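Below, chains carry the letters A, B, ... as their sequence lines are ordered, and counting in each starts from 1. Hydrogens, waters and symmetry mates play no part in the numbers below; they use all other heavy atoms, side chains included. Please read all numbers here as calculations on a predicted model, not as lab measurements.
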Amino acid sequence: MSSAHQPVQGMSDIAAPEIRLWQRVEAVAREVLARYGFEELRTPIVEFESVFTRSLGATTDVVQKEMYVFEKGGRHLALRPEGTAGVMRYAAGLAPGEAEGARWYYFGPMFRSERPQAGRRRQFHQCGVECLEPPSPLVDAEVLALQVDLLRAWGLGDCVVRLNTRGAGGETAAVTAGLRAALQPHQADLCDNCRRRFSENVLRVLDCKTEGCRTVVAGLPPVTDFMSTASRDYLAQVAGHLDALGVACRMDPLLVRGLDYYEHTIWEITSEALGAQNAMSGGGRYRIQIGGRELTGVGFAIGLERVISVLQTLGRTSALLPAPPPLVWLVGLGEQAIQGNLALMQQLRAAGLACRMAPGGSLKSQMRAADKSGAAWAVIRGDDELTQGLAALKDLAAGRQESVPLDRLADELIRRAAASRQ
RNA sequence: GUGGAUAUAGCUCAACUUGGUAGAGCACCAGAUUGUGGUUCUGGCUGUUGCGGGUUCAAAUCCCGUUAUCCACCCCA
């Protein structure tokens, strides 16, 4: 039975303190993205189902088994399972020539109806990038450099990028056939899953985790052997540009990406700090037919839950989180003191200070609340102070307290807050 | 969609094997200190044992079902 306070299976509330990490991850990313000339694009979460079936590949698991689809007013709609297709749908609606050259990024929730597990939710969040400039190894390399820069800005600069190629769009059949021919003599050594993959999704044999399959795969020729010289050359040029950009990455002829729209450069970043779902980010060059147009671009998507999980596991969150601003906590005893505190509170907030007060209670409980909040100072006003026109100003960390005339109180707090920010 | 584990106080967990009134730590509240937080001491509050059914004189405990969570497969960020 579902409980009234529980969210839908596989969907999570994101609240403090973790939400602060999300905000920082996003803010830091926006700075980096702007440096590379990317603009935010916000597309709807709901699209026509066909937007995804036509671009991701109608036979992929993402489309066949994992999409949230529903019908409304006779239209077949879907919650987006990924971000690229919607961006391309938008691009296809632009005037000819306008989309080419676009540099877009997006943040937002994606939905896949999978069984939840470590690092996998039914609603999850991605930061993605799409660059629709005319295809060239240089653009691919630059987008990959952006990807690495983002990770570095989050404190994950030591993550390893694995790079491979899918070959030109027309070569997929040749690659698949070549791989099958190479695997044919070893079929008996493959696991049950890979014997099924052999016919259904032969590329996936390459990244099987089973030991037997891995030894078979290690003896195969690299997938580039089944591609044209032009495709191999394209990959070599990407590698050369990456070198010039100062981006380190590792060639991995076994790297596979799932969606149908990829061609040429593909890459992935995994982390051992994650569970079995260890891909933190993946990207590549793609070609999508939509609305009678063919669009090509290069981009990547980063799983934000996974990035945050890695940051937490590696203990790197504090570097990303800024120190909270010093807080003033107002303590008041009696109606008159509380009224005075209300005015002071808004005066301090207007001056840019963080200020709070308890709704009431004993002096002791108000002080306890001040302490729990981590406030830097407490301002205490009661009968004694009222009669003398004073307030007690206490430095909570030092435990020192002094009396300050009311007319100087706000200025004194502003002065101390400014000093503490040095 | 498949498989395994789990579900007890706000949180982390014990009690389950061998059925007999539900327990600890942390957190919270109060007092020691009637106008002063953090440390300490003392006391206090907190439960349809996920939900539904069954067996039994008696169920947190055994059985069945169900929902959720965690982990893995498939697949993917």
Side-chain angles (χ1 to χ4, degrees), chain A residues 1-12 56-57 59-67 80-84 108-129 147 191-194 196-197 200-201 203-204 207-210 256-259 267-271 274-284 299-310 329 331-334 337 358 361-386 392-401:
Chain A
M1 200 181 83
S2 69
S3 196
H5 64 265
Q6 257 174 335
V8 171
Q9 181 179 44
M11 313 213 173
S12 314
L56 308 194
T59 61
T60 55
D61 275 19
V62 169
V63 163
Q64 279 197 328
K65 310 197 311 199
E66 299 168 7
M67 234 174 13
R80 62 184 184 192
E82 58 93 62
T84 302
M110 309 295 164
F111 303 84
R112 293 183 198 174
S113 179
E114 306 171 273
R115 193 81 157 258
Q117 87 188 65
R120 186 207 285 172
R121 317 257 68 209
R122 288 184 169 185
Q123 173 174 334
F124 61 101
H125 297 78
Q126 287 186 338
C127 165
V129 152
Q147 157 103 75
C191 68
D192 292 351
N193 253 322
C194 282
R196 176 182 57 79
R197 286 171 175 138
E200 287 178 16
N201 192 0
L203 280 173
R204 279 288 167 202
D207 66 354
C208 182
K209 293 168 188 164
T210 313
V256 180
R257 308 253 335 124
L259 305 177
W267 67 87
E268 194 166 282
I269 297 162
T270 52
S271 171
L274 292 164
Q277 308 300 318
N278 63 353
M280 196 160 50
S281 173
F300 58 82
I302 305 173
L304 293 176
E305 277 84 356
R306 294 185 184 178
V307 166
I308 282 166
S309 163
V310 170
W329 194 277
V331 175
L333 293 172
S362 66
L363 175 62
K364 193 188 189 76
S365 69
Q366 290 191 52
M367 285 301 288
R368 207 173 1 235
D371 183 61
K372 222 167 70 174
S373 75
W377 305 284
V379 172
I380 304 159
R381 279 206 271 189
D383 297 338
D384 295 355
E385 288 79 6
L386 277 177
L393 173 52
K394 182 164 191 174
D395 182 322
L396 288 171
R400 272 195 303 270
Q401 182 171 323

With a non-hydrogen cut-off below 4.0 angstrom, is A:Leu259 in contact with a base, only sugar-phosphate, or nothing?
sugar-phosphate
For atom C1', what is the distance between B:A5 and B:U48, given to the nearest Å?
26 Å
On a whole-Å scale, what distance lies between the C1' atoms belonging to B:A9 and B:A27?
11 Å
Distance, C1' atom - from B:G47 to B:G37, rounded to whole angstrom:
32 Å
With nearest nucleotides of RNA chain B determined for A:Gly282 and A:Gln117 from heavy-atom distances, which residue corresponds to the more 5′ nucleotide?
A:Gln117
Just to be sure I understand the rule, does A:Gly382 reach a base, reach only the sugar-phosphate, or reach nothing, if contact means heavy atoms closer than 4.0 Å?
base
What distance separates A:Lys65 NZ from A:Glu114 CD, expressed to the nearest 0.5 Å?
9.0 Å
Taking any strand in view, what nucleotide pairs with B:G3 in a Watson-Crick or G-U wobble way, both distances under 3.5 Å?
B:C71
I'd like to know if A:Glu385 and A:Arg381 make a salt bridge, using a cut-off of under 4.0 Å between side-chain N and carboxylate O.
no
Identity of whatever pairs with B:C62 - Watson-Crick or G-U, under 3.5 angstrom
B:G54
Would you say a side-chain N or O of A:Lys65 is under 4.0 Å from OP1 or OP2 of B:C76?
no
C1' atoms of B:G52 and B:A7, separation to the nearest Å:
15 Å
For nucleotides B:G31 and B:U18, find the distance between their C1' atoms and express it as a whole number of Å.
44 Å
What is the distance, to the nearest angstrom, from the CZ atom on A:Arg115 to the C1' atom on B:U6?
14 Å
So what does A:Gly361 hit on the nucleic acid, given a heavy-atom distance under 4.0 Å: a base, only sugar-phosphate, or nothing?
nothing
Going by modelled atom types, is there a donor-acceptor pair between the base of B:A77 and the side chain of A:Arg112 at under 3.5 Å?
yes
Round to the nearest Å and state the distance from A:Gln123 atom CD to B:A77 atom P.
17 Å
When you check the phosphate oxygens OP1 and OP2 of B:A77, does a side-chain N or O of A:Arg257 lie under 4.0 Å from one of them?
yes
In terms of side-chain heavy atoms of A:Gln6, which of B:C75, B:A77, B:A68 is nearest?
B:A68
Sugar-phosphate atoms are those with a prime plus P, OP1 and OP2; base atoms are the rest. Using that split, label each nucleotide of nucleotides 36-43 of chain B B, S or - for protein heavy atoms under 4.0 Å, 5' to 3'.
BBB-----
5'-most by nearest nucleotide on RNA chain B - A:Gln9 or A:Gln277:
A:Gln9
Distance between C1' atoms of B:G43 and B:C62 (Å, rounded)
40 Å
Mind checking the P distance from B:C26 to B:U33? Whole angstroms is fine.
23 Å
I'd like the P distance from B:A60 over to B:G20, given in whole Å.
9 Å
Nearest-angstrom distance from the residue atom CG of A:Asp207 to P of B:C75:
8 Å
